[in-house]
Amino acid sequence: MRYLIGRLLWALVVLVGTTWVTFAIAFLVPGDPARVVAGPRADAETVATIRHELALDLPVPIQYGRYLTRLARGDLGRSYATRQPVADILRRRLSATATLACAGLAIAIVIGLAGGLVTAPLAGTWVDRATLIGSLALLSAPVFWLGMLALYYVGFRWRLLPLGGGGDIRHLAMPALVLGIGTGAYYARLLHVNLVTVLGLDYIRAARARGVSRVRVVAVHALRNASLPLVTVIGLDLAALLNGVVLTETVFHWPGLGRLAFDAVLNLDVPVIMGTVLLSATLVVLSNVAVDLIYRVIDPRIRLG
Amino acid sequence: MGTLLVAAALVGPVLAPFDPAAAVAPQLAEPMPPAAPFYLGTDDLGRDVLSRLLYGARISLLVGVIAMIVTMAIGTAIGLTAGYFGGVTDVLLMRATDVMLAFPGLLLAVALVAVLRPSVWTIFVVIGLVSWTGVARVIRSEVLSLREREYVLAARAMGGRNGRILWRHVLPNALPTIVVIAALSTSGTILLDAGLSFLGIGVPPPTPTWGRMIQEATSYYRVAPWLMLFPGVAVLFAVLSFNFIAYGLAGDGRAPGA
Amino acid sequence: MHMVAARGRRLASAVALATWVVAGVLGCARDRLDWPARRSGDRHGGVLSLAAAEDVPTLDPAIGYDTTSWFFEEHLFETLVTYDESSTLIPALAERWEISPDRRRYRFVLAAGVVFSDGTPLTASDVVGSLERVLEPRTRSQGAEYFRGIRGAREFVTGTATHVAGLTALDTGTLAIELAEPDPLFLHKLALMFAAVVPAALAQRLGDDFTSQPIGSGPFVLREWRRGERIVLARNPRYRRSDLPYLDGIVEQIGVNQQLAWLMFESGELDVAQIPPADFPAVMRDPARAEQAIHATTLTTAYLGLNCRMPPLDDRRVRQALNYAVNRAEVIALLNGRGIPARGIVPPNLPGYHGDFPGYGFDPTKARALLAEAGHAQGFATELWTQGADTDVKIAQKIQQDLAKIGVDLGIKLVAWSPFLEAIRQPRTVPIFDLGWSADFPDPSNFLDVLFHSSRWDANNHTFYANPTVDRLLDRARTLADEVERVHLYAEAERLIVEDAPAIFLYHPITYVIRHPRVHGYAIHAFLPARLTEVWLDPEP
């Protein structure tokens, strides 16, 4: 329990550190947020007014202080560009990105499990060699390229699925698939390797000798023990997944966080930038804590630290 | 198998038939499909795709390798220090790594490119800065286990200086892991570079990078699908060859980074 | 065995989460909207389907200055005056007006019986309130500068006065505006969306939230706005013209890029679409489809600004050489021919104006000669800064090719929008930059003054061009009442400017739009977003 509290406190420190670094970078980027809001045609007086209204003429540390105090009250500010409350924007976009990320992850897990389970018993054969090459190829391909190929063939040539945009499950299918395929290949490979190792162990052979069916051996006994590293990887992979999400969202015009954050950085929409970074940082940090905890619960022998 | 692919990827830059920046096709604004003498077709500005692809190989590999060097330098330094010295140093460095990890990598890249003005050098630095965390972690856990080996313990017992021990004992034994990570890292940097170019913030035009070629092809994918097909396959090959190297070196047993 | 249980549970919960999310998404499948049935044999009724890639930034006319926002604001709100198809000012909310002989006092009589879409009457105090709202610093409106010329505006802005002295509601239907100085462009400024009339009290109350709950007096009302998905306008039953609009509604899907929109258009799901560059040649070669495409030359000029203070561009001959070196015909060919070459800065279709100078043709020999004369026979190296939209990059690369032929090595620097804006304001940072200028209103001063007057170095004169003769001409023309004399002065100023070549004048874009045969009355305007008030659809067969 004490460990948990300690971990959470550290997490908080990391988060505050993240906001500080983001703030610094946002102001290091050459460009004037007030000018972007005012637009290229505005005269100097208008820009000055806007700058004053947005408190951008205060020294940066003071602005940071104000941001933190408002943050403590739960106020994330309003977007410079659209005047909407950042919290609302994030909520909406987060559900879109979460949907995509979860769907992608689900597909990756399914592909991983299926791939690993099917190929492990066939280790050493040409099938194994072929799937090795295939899965390596899949995870070597740039995700946005796969996305465009999918758009072209599935969306345009074969007209199976809609060509992008947000909305219902039909729009979700392609981006999720594209997102999940590369990672899925990786998981499949991982599981395959671990399964092969485990399958060679004594207690498995003992089970076979006792007459347990082959399928049960693989699926039940071996899988349990081989999947631990997989679970760890899934938990820590969140950051990489977020990267892939940005690119996928761009190709398919999925209205999620990735695209929002990218545009916000380019337009110096500081409240939105802070909001998205904070959100993603929280997610990553929380998932790290969760994985560490699970590890601890599963095997108290592991020294953390 | 891996070596074959690598050789293919490396030989490319020497052979380009046309100037990748000049318009050589007879018509502008209408890409031409593969046909002699433009073996892979032309793009919407009348440039030969094959030449651009080959020049792009040079750039993409250069970026990939140098960015990997930057990544490895930072990551190994931090990983070694954290793993070997342990204690407070370790905790501080790992927390700093956490902060870096918490940042969405691509966003950081976008922001950094905006700060530093786009150029080839910026891209090296940016990709390096964004990718070192994974390397640091792996090196650190490797060093953590190496630290307890007999020869290290013996060297410390004999009063050896830390620097010497790191250099003579720890580093050479960590080398296999480092090389594997380097190979994997290169495939990662090539992908990241392609991604940045695709988003429009990579190496500036008209230098042909594969990612940018794919991005330029997005409007034409219905009438000229070859424009996006070939660069994508090129990236695939390059990344695949480095993954092969990594796999070949690590053997089938290990999955580094787990 | 608790090891196994924990692992199993985690996997199971991951799967459960995924299923739940997917189910939730399924549940939110797009709802169908209901529209009234069409009366037969009538223009009225029908819903126009559109699509766009990006969401609308805002619906608040005080802050929405980009084309997308403007398009929707045009349909939700109205201004005192507006433009017809030939860019002449015509009455809108103001039925008639008088201007005093000293051209400083305006008196507007509002159309009778106008109400906002929520039923509240539109009065002169609402007009006053709308303009004051734009001037108020709290609103952060980019349009404030257009109304600073009203008497008492400055005191209002600094907080010294609680109201703008020059804005008076004489009664509910009459409004008086007094300017500090005569301004021949003031009526044009009242046609900008910034001057749209909003319910003053409501807007004050809602503040920044007005953008999601816009109430106006325009032909349409906001029916639904699902951000990132779609935006829906419906007919305003309380609109002051009972016969308009014909349409029952407008639906725009969001997140649809150009290629997807094209496919949707071809399958009949969209009524109006842009033609992607990749498909343009094919469409134009097909007579049936070419007929459905309409186009108009916009009041826009695309140019490459040359920093007149950075060597070697400070030498006029070098700048002229660059102008001669660019093959504008080929640049336009790259755009599928969707443009006309620019001889100067003011577009040729600006009503009532005619520039009188030859302009620069394609003449690389002359270019090289000029360079040699200026002492740069070996050429030189310089940089073009651009913010990287697709077309811009293409054109930049083409110009790079052209300049290479006269020995000029042009590097291309891609910079994101905000650093770009900052950089071009610095006096010695950016040698050449890629920009365009679209008219705010159809007047030569909107191009010449704004871009080339020496007092605008901190505003939009990024070439840092300064010519005292030109300044004098522009200053004199600014307040002249005699139209003929004004045009004459501007033409002379432009001639001098073109001779000095502070920019490489490229082209004026031609906008193309393709519409489904069932769409009628759709027209492209030279500088305003298309208005759908008088568009009607053929009834369904």
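Heavy atoms closer than 4.5 Å to chain C are found in the side chain of A:R78, but not in its backbone. With a 4.5 Å cut-off on non-hydrogen atoms, A:T49 touches chain C through its side chain but not through its backbone. C:N460 touches chain A through its side chain: at least one heavy atom from C-beta onward sits under 4.5 Å away, while N, CA, C and O do not. Contact annotation for C:T139: only backbone heavy atoms (N, CA, C, O) come within less than 4.5 Å of a heavy atom of chain A. C:T158 does not touch chain A: none of its heavy atoms, backbone or side chain, sits under 4.5 Å away. Neither the backbone nor the side chain of C:A51 comes within contact range of chain A; no heavy atom of the residue lies under 4.5 Å from a heavy atom of that chain. Neither the backbone nor the side chain of C:S69 comes within contact range of chain A, judged by heavy atoms closer than 4.5 Å. Looking at C:R456, there are no atoms closer than 4.5 Å to chain A (heavy atoms on both sides), in backbone or side chain.
Minimum interatomic distance between C:V56 and C:W225 (heavy atoms only, all atoms of both residues): O-CZ2, 3.2 Å.
Looking only at atom types and distance, the side chain of C:Q204 has a donor-acceptor partner in the side chain of C:E136 under 3.5 Å away.
Counting heavy atoms from C-beta outward, A:D57 and A:R51 have side chains that approach closer than 4.5 Å. A heavy-atom distance below 4.5 Å is found between the side chains of C:Y65 and A:R41.
Screening residues 419-429 of chain C for salt bridge (charged side-chain N to carboxylate O under 4.0 Å, His left out) gives no qualifying pairs among residues at least two apart or on separate chains. Every pair passing salt bridge (charged side-chain N to carboxylate O under 4.0 Å, His left out) that includes a residue from residues 51-66 of chain C is listed here, sequence neighbours excluded: C:D60-C:R133.
Chain A forms the most heavy-atom pairs under 4.5 Å with one residue out of C:M264, C:R138, C:Q387, C:R227, and that residue is C:R227. If you tally non-hydrogen atom pairs under 4.5 Å between each of A:P40, A:A34, A:G39 and chain C, the highest count goes to A:P40. Taking C:D440, C:V450, C:T58 one by one and counting their heavy-atom pairs under 4.5 Å with chain A, the maximum is reached by C:D440. With chain C as partner, the option from A:D43, A:T82, A:V36, A:I50 having the largest number of non-hydrogen pairs under 4.5 angstrom is A:D43. The candidate from A:D263, A:V110, A:V47, A:L268 with the greatest count of non-hydrogen atom pairs under 4.5 Å with chain C is A:L268. Among the candidates C:R140, C:Q142, C:H462, the residue making the largest number of heavy-atom pairs closer than 4.5 Å to chain A is C:R140.
Checked for salt-bridge contact, C:R230 and C:E224 meet the test: a charged N lies under 4.0 Å from a carboxylate O. A salt bridge links C:R154 with A:E45; the closest basic N to acidic carboxylate O contact falls under 4.0 Å.
Ring to ring, C:W457 and C:F464 are close: their centroids are under 6.0 angstrom apart.
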